[in-house]
Amino acid sequence: MVEKLSITLPSEMVDAIKSRVEAGSHASTSEVIREAMRTWLRLEEEHEERIEGLRARVKHSLEDPRPNLTGKQVRERLDALYVKHNS
């Protein structure tokens with residue numbers, strides 16, 4: 001099913017669309033808009049996947065059963081690891 005829409009664009013965008021059609025890279029102005037929409041939808045989907053990944057990492061971190069460490073404790077552990085691996 002196809003639905004016709006009427007949109008208003010700035011002249012710079014209209015010029016860019018028309019130049020793509022005139023250059024032969026697209027068959028019509030509608031095809032330029034369809035491609036732009038496909039790209040936008042793909043980017044939105046990728047963005048949502050990244051957000052979901054971040055949410056999962058935060059959730060995993062918040063649910064980590066290991067005890068919280070102070071900055072001093074972290075430094076001590078890192079120093080000990082450094083000494084162990086460089087001895």
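None of the values given here were measured: they were computed from a predicted structure.
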Sequence neighbours left out, what passes side chain to side chain donor-acceptor pair (under 3.5 Å) with [X]? Give chain and number order.
| X | answer |
| --- | --- |
| R66 | D64 |
| D79 | R75 |
| T70 | Q73 |
| R50 | none |

Nearest 0.5 Å, what's the CE-CD1 distance between M13 and I7?
-> 9.0 Å
Give, for atom NZ of K59 and atom CZ of R55, the distance between the pair rounded to the nearest 0.5 Å.
-> 12.5 Å
Pairs where residues 8-17 contributes a residue and the test salt bridge (Lys or Arg N to Asp or Glu O under 4.0 Å) is met, not counting sequence neighbours | none
Using links of under 4.5 Å between side-chain heavy atoms of ILVMFWY residues, direct or through other members, which residues join L43 in one cluster?
-> none
Side chain to side chain contact (heavy atoms under 4.5 Å, CB included) partners for [X], two or more places apart:
| X | value |
| --- | --- |
| L41 | none |
| P67 | none |
| V58 | L62 |
| T8 | none |

Measure from the side-chain N and O atoms of S87 to the backbone N and O of V83, and report whether any donor-acceptor pair falls under 3.5 Å.
-> yes
Considering residues, nucleotides and ligands other than N86, do more than 12 of their heavy atoms fall under 6.0 Å from its CG?
-> yes
Going by atom type alone, with no hydrogens or angles, which donor-acceptor pairs under 3.5 Å involve a side-chain atom of residues 26-37 and a protein atom two or more places apart or on another chain?
residue	atom	partner	partner atom	Å
H26	NE2	E35	OE1	2.4
S28	OG	S30	N	3.4
S28	OG	E31	N	3.1
E31	OE1	R34	NE	3.3
E31	OE1	R34	NH2	3.2
E31	OE2	R38	NH2	2.9

Evaluate the side-chain proximity of E52 to L54: yes if any heavy-atom separation is below 4.5 Å, no if none is.
-> no
Would L69 and L78 show up in the same hydrophobic cluster when neighbours are defined by side-chain heavy atoms closer than 4.5 Å?
-> yes
Which residues share a salt bridge (Lys or Arg N to Asp or Glu O under 4.0 Å) with E46, sequence neighbours left out | R42
